[in-house]
A.B. asks: 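First the structure, then my questions, so here it is.
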Amino acid sequence: MENINGQKFDVVVIGGGIIGASTAREVAAEGYSVLLVEKNDFASGATSRSSRLLHCGLRYFEAPKPVRTFMRNPHRLLNALKMSKQAMKARYEVVKSVPQRVNSINFILPIYSDDDFKPWQIDLGFSVLSRFTPGDVPLDYQRIGKSEALSNPLIASLSNKDKLIGAAKFTEYQFNWPERLCVDAVMDARRLGAVTLNYTVAKIKGASGGDRTIELRDHMGKTAHVKASRVMVMAGAWIDRVLTDVESTMPRKSTGTKGAHIVVKLPEACRGQGITKLNSKGEPFYCIPWSDYHYIGPTETLYEGNPDEVHADSEDVRFLLDETASLFPGLKITHEDIVSTWAGVRPLTFDENQPKGARNKVLHDLSRHGLSGVYALTAGPIMSHRDTGREVVTKLLQEIEPHGQRTSLEYASEFSLNYADNFYSEFSEESVKKAVNDEDARTIFDVIYRRLGIGWDYDALPELDVDHVSRIMAKELHWTEVDRKSEVEKFLSESRKLFGVPDI
């Protein structure tokens with residue numbers, strides 16, 4: 001706080017998820033002076049709570065009675081085309097530049113005789129998507145008949161097989177460690193000269209002489225004030241809270257929907273196989289491989305509670321089990337089969353005509369609401385984080401000149417997460433120290449999930465010696481024994497809340 005008090009930055013980015021971190025990186029690479037501020041840990045919000053799909057954009061075309069819907073709402077079709085094009089571009093770029101951050105999945109979409117989407121429409125959709133990307137990260141699209149489809153164990157587990165007429169097969173990708181992708185971006189931004197602060201609350205204050213004041217308060221209660229030519233609010237589901245704190249009459253910008261998942265272990269024949277279908281509400285529903293496990297979901301319910309408190313509750317689990325039993329009766333999944341759960345809030349764009357929000361990424365200029373120099377982003381998909389950062393750079397270059405030199409980005413990372421290589425064995429005292437001293441980890445949860453990724457290995461996690469991790473951190477952070485025990489209990493409590501299996 002003392003070091004930055006009174007400093008002026010070209011840009012202050014509020015929100016340290018993957019969108020904010022990537023924005024800070026792109027802006028710093030352009031030569032702007034940048035401050036990135038996150039009230040909790042980097043990647044602790046929606047970045048770590050999504051379905052983790054680096055998807056091809058097919059879901060943007062999902063709609064009830066699609067031909068009729070898009071004919072009546074051509075703007076919705078245009079937005080679907082725009083968003084799917086961005087999705088395919090992001091898919092290509094991430095797979096090519098950081099292949100260690102993604103896994104490929106053999107995905108299948110069953111086709112029924114009474115579906116809203118007809119086979120020719122699915123063929124057309126994939127044809128359009130394939131035109132949005134070069135051929136060396138292919139979709140591998142293939143439409144197969146009923147008998148071949150039923151050879152897939154997930155298809156064989158489906159209900160209404162009498163109406164099944166075939167399936168669409170394609171290659172999908174998933175982020176295997178989105179938290180680390182975010183931390184990588186933070187570290188890149190820092191190497192490019194950005195100041196990055198986690199566990200620090202930023203409040204937007206008044207403007208004077210073209211600069212706006214930002215008040216900072218860290219977790220120790222220390223404060224500082226900085227100036228910024230431009231402020232980018234990338235706070236996801238917290239956007240409206242950030243904005244109404246400074247302007248109480250600010251119109252609503254974001255709508256949050258809750259997405260919950262359950263984790264189960266399916267028969268070995270299902271490993272590496274994913275399936276997508278529509279649930280009873282006509283919303284996308286997935287069964288997605290994750291190492292030797294699968295996660296099933298998500299829910300999509302309006303969420304107006306505290307985003308810091310979101311977790312899968314009994315109602316979510318009951319819904320997911322009911323949908324699984326209805327859609328995949330052959331899997332015979334029960335409450336006892338659930339290994340873990342998780343949930344997050346999708347920060348979509350508020351639209352009074354769409355109660356659950358619009359999947360339309362918008363960079364809002366808030367000058368017309370009395371906040372000159374302040375922008376806010378809604379509905380930024382995790383997969384399009386790089387493009388979002390570049391979009392911000394384009395906007396900035398129209399308004400203010402960078403003070404530094406432009407630097408090219410390589411988007412490299414020294415860490416990999418590969419369960420097949422027994423990732424857990426890579427855990428070491430040195431890796432914990434690096435997480436604390438070089439990457440600002442301040443809690444056990446920060447280290448285990450967001451810096452080292454151990455928590456996502458469901459087979460290794462039970463063997464993890466949390467007490468040992470806490471003792472290494474205690475030496476680096478000067479915790480007392482009382483502090484250390486308190487931090488262990490906080491980790492265990494947070495883990496139960498975020499990933500536990502509630503009763504139904």
Side-chain angles (χ1 to χ4, degrees), residues 14-21 38-53 175 178-179 182 198-199 201 233-245 252-263 279 281 283-286 288 290 295-321 323 338-350 355-359 376-382 443 445-446 448-450 455-456 490-504:
I14 299 176
I18 186 61
I19 300 296
E38 165 58 43
K39 71 181 184 67
N40 292 315
D41 188 29
F42 304 122
S44 60
T47 297
S48 61
R49 312 288 185 82
S50 75
S51 293
R52 300 192 180 107
L53 281 178
F175 293 112
E179 299 90 341
C182 177
N198 57 352
Y199 294 105
V201 175
V233 182
M234 307 292 192
W238 291 262
I239 281 177
D240 288 321
R241 288 169 169 80
V242 173
L243 297 179
T244 55
D245 186 53
R252 185 174 180 179
K253 299 299 179 185
S254 182
T255 297
T257 60
K258 181 181 182 182
H261 304 78
I262 57 175
V263 180
N279 64 19
K281 298 182 178 181
E283 299 162 342
F285 199 76
Y286 304 105
I288 303 174
W290 182 259
Y295 55 94
I296 298 174
T299 61
E300 189 153 345
T301 54
L302 192 63
Y303 186 82
E304 296 181 321
N306 184 350
D308 290 317
E309 300 296 326
V310 67
H311 62 278
D313 58 27
S314 298
E315 185 176 346
D316 297 321
V317 171
R318 189 179 301 110
F319 173 81
L320 292 171
L321 285 173
E323 291 294 319
I338 302 176
V339 175
S340 179
T341 68
W342 83 84
V345 181
R346 305 176 193 86
L348 304 178
T349 299
F350 175 75
K356 292 185 179 180
R359 296 179 183 276
L377 184 104
T378 54
I382 291 175
T443 72
F445 204 94
D446 296 350
I448 288 177
Y449 281 93
R450 293 185 276 269
W456 296 115
K490 286 179 184 177
F491 170 78
L492 296 175
S493 176
E494 187 173 7
S495 297
R496 287 191 295 269
K497 182 179 76 172
L498 294 179
F499 306 124
V501 182
D503 296 330
I504 59 173

A.B. asks: Where the side chain of D240 meets the backbone of K253, is there a donor-acceptor pair that is under 3.5 Å apart?
C.D. replies: yes

A.B. asks: Going from OG on S48 to CZ on F175, what distance comes out if it is rounded to the nearest 0.5 angstrom?
C.D. replies: 13.5 Å

A.B. asks: Closest approach of T47 and I18, non-hydrogen atoms and distance?
C.D. replies: OG1-N, 2.9 Å

A.B. asks: Whether the side chain of D245 engages the backbone of V242 through a donor-acceptor N/O pair (distance < 3.5 Å, no angle test) should be reported.
C.D. replies: no

A.B. asks: What residues form a ring-ring contact (aromatic ring centres under 6.0 Å, His included) with Y449, not counting sequence neighbours?
C.D. replies: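 By the ring-ring contact (aromatic ring centres under 6.0 Å, His included) rule, Y449 matches F445, W456, F499.
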
A.B. asks: Is the backbone of R52 close enough, under 3.5 Å, to the side chain of S50 for a donor and an acceptor to pair up by distance?
C.D. replies: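 A pair under 3.5 Å: yes.
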
A.B. asks: Test W342 against L498 for side-chain contact (heavy atoms from CB on, under 4.5 Å), laying out the working first.
C.D. replies: CA-CA 6 Å; W342 83 84; L498 294 179; over 6 Å; no

A.B. asks: With the threshold set at 4.0 Å, does a side-chain nitrogen-carboxylate oxygen contact exist between K356 and E304?
C.D. replies: no

A.B. asks: Give the minimum heavy-atom separation between S51 and P298, together with the two atoms involved.
C.D. replies: OG-CG, 3.9 Å

A.B. asks: Side chain of S340, backbone of V263: donor and acceptor closer than 3.5 Å?
C.D. replies: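 Answer holds: no.
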
A.B. asks: Could you tell me the separation between the OG1 atom of T299 and the CG atom of D313, rounded to the nearest 0.5 Å?
C.D. replies: 8.5 Å

A.B. asks: Any side-chain heavy-atom pair from K490 and T443 closer than 4.5 angstrom?
C.D. replies: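 They are not in side-chain contact.
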
A.B. asks: Tell me every residue that passes side-chain hydrogen bond (donor to acceptor under 3.5 Å, both in side chains) with Y295, counting only those two or more places apart in sequence or in another chain.
C.D. replies: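 Y295: side-chain hydrogen bond (donor to acceptor under 3.5 Å, both in side chains) contacts with Q174.
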
A.B. asks: For R346 and E283, run salt bridge (Lys or Arg N to Asp or Glu O under 4.0 Å): C-alpha distance rounded to whole Å, both residues' side-chain angles, the deciding distance at 0.1 Å, then the answer.
C.D. replies: CA-CA 14 Å; R346 305 176 193 86; E283 299 162 342; over 6 Å; no

A.B. asks: Decide side-chain contact (heavy atoms from CB on, under 4.5 Å) for L53 and I288; before the verdict, give the C-alpha distance in whole Å, the side-chain angles of both, and the deciding distance to 0.1 Å.
C.D. replies: CA-CA 9 Å; L53 281 178; I288 303 174; 3.8 Å; yes

A.B. asks: How close do L377 and M234 get, counting heavy atoms only, and between which atoms?
C.D. replies: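 Closest heavy-atom pair between L377 and M234: CB-SD, 3.4 Å.
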
A.B. asks: Over all heavy atoms of both residues, which pair between I19 and P381 is shortest? Give the atoms and the distance, please.
C.D. replies: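 That closest heavy-atom pairing would be CD1-O, 3.5 Å.
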
A.B. asks: Who are the side-chain hydrogen bond (donor to acceptor under 3.5 Å, both in side chains) partners of R450, not counting sequence neighbours?
C.D. replies: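 So R450 forms a side-chain hydrogen bond (donor to acceptor under 3.5 Å, both in side chains) with D41, D446.
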
A.B. asks: Do the side chains of T349 and T255 get nearer than 4.5 Å, heavy atoms only?
C.D. replies: no

A.B. asks: Considering only heavy atoms from C-beta outward, does the side chain of F350 approach that of S254 to under 4.5 Å?
C.D. replies: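 Side chain of F350 against side chain of S254, heavy atoms only: no contact under 4.5 Å found.
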
A.B. asks: Please determine if K39 and D308 form a salt bridge, counting it only when a charged side-chain N lies under 4.0 Å from a carboxylate O.
C.D. replies: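 Judged by the 4.0 Å cut-off on N to carboxylate O distance, K39 and D308 do form a salt bridge.
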
A.B. asks: With side-chain contact (heavy atoms from CB on, under 4.5 Å) as the test, would you mind laying out the steps for K281 and E323 before giving the verdict?
C.D. replies: CA-CA 10 Å; K281 298 182 178 181; E323 291 294 319; 5.7 Å; no

A.B. asks: Do H261 and T341 get their side chains close enough for a donor-acceptor pair, meaning under 3.5 Å?
C.D. replies: no

A.B. asks: What heavy-atom pair brings F491 and I448 nearest, and what distance separates the two atoms?
C.D. replies: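 Minimum heavy-atom separation between F491 and I448: CZ-CD1, 3.7 Å.
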
A.B. asks: For the CZ atom of F319 and the OG1 atom of T301, what is their distance to the nearest 0.5 Å?
C.D. replies: 8.5 Å

A.B. asks: Is it true that a side-chain atom of E38 and a backbone atom of N198 form a donor plus acceptor pair closer than 3.5 Å?
C.D. replies: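 No, because the side chain of E38 does not come within donor-acceptor range (under 3.5 Å) of the backbone of N198.
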
A.B. asks: Measure the OG1-CG distance between T257 and L348 for me, rounded to the nearest 0.5 Å.
C.D. replies: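 One finds 4.5 Å between OG1 of T257 and CG of L348.
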
A.B. asks: Of the non-hydrogen atoms in H311 and A343, which two are nearest, and what is the gap between them?
C.D. replies: C-CB, 3.6 Å

A.B. asks: If you apply the rule side-chain contact (heavy atoms from CB on, under 4.5 Å), what do you find for L320 with F285, and how did you get there?
C.D. replies: CA-CA 9 Å; L320 292 171; F285 199 76; 3.7 Å; yes

A.B. asks: Any salt bridge between E309 and K258, counting N to O under 4.0 Å?
C.D. replies: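 Salt bridge absent between E309 and K258.
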
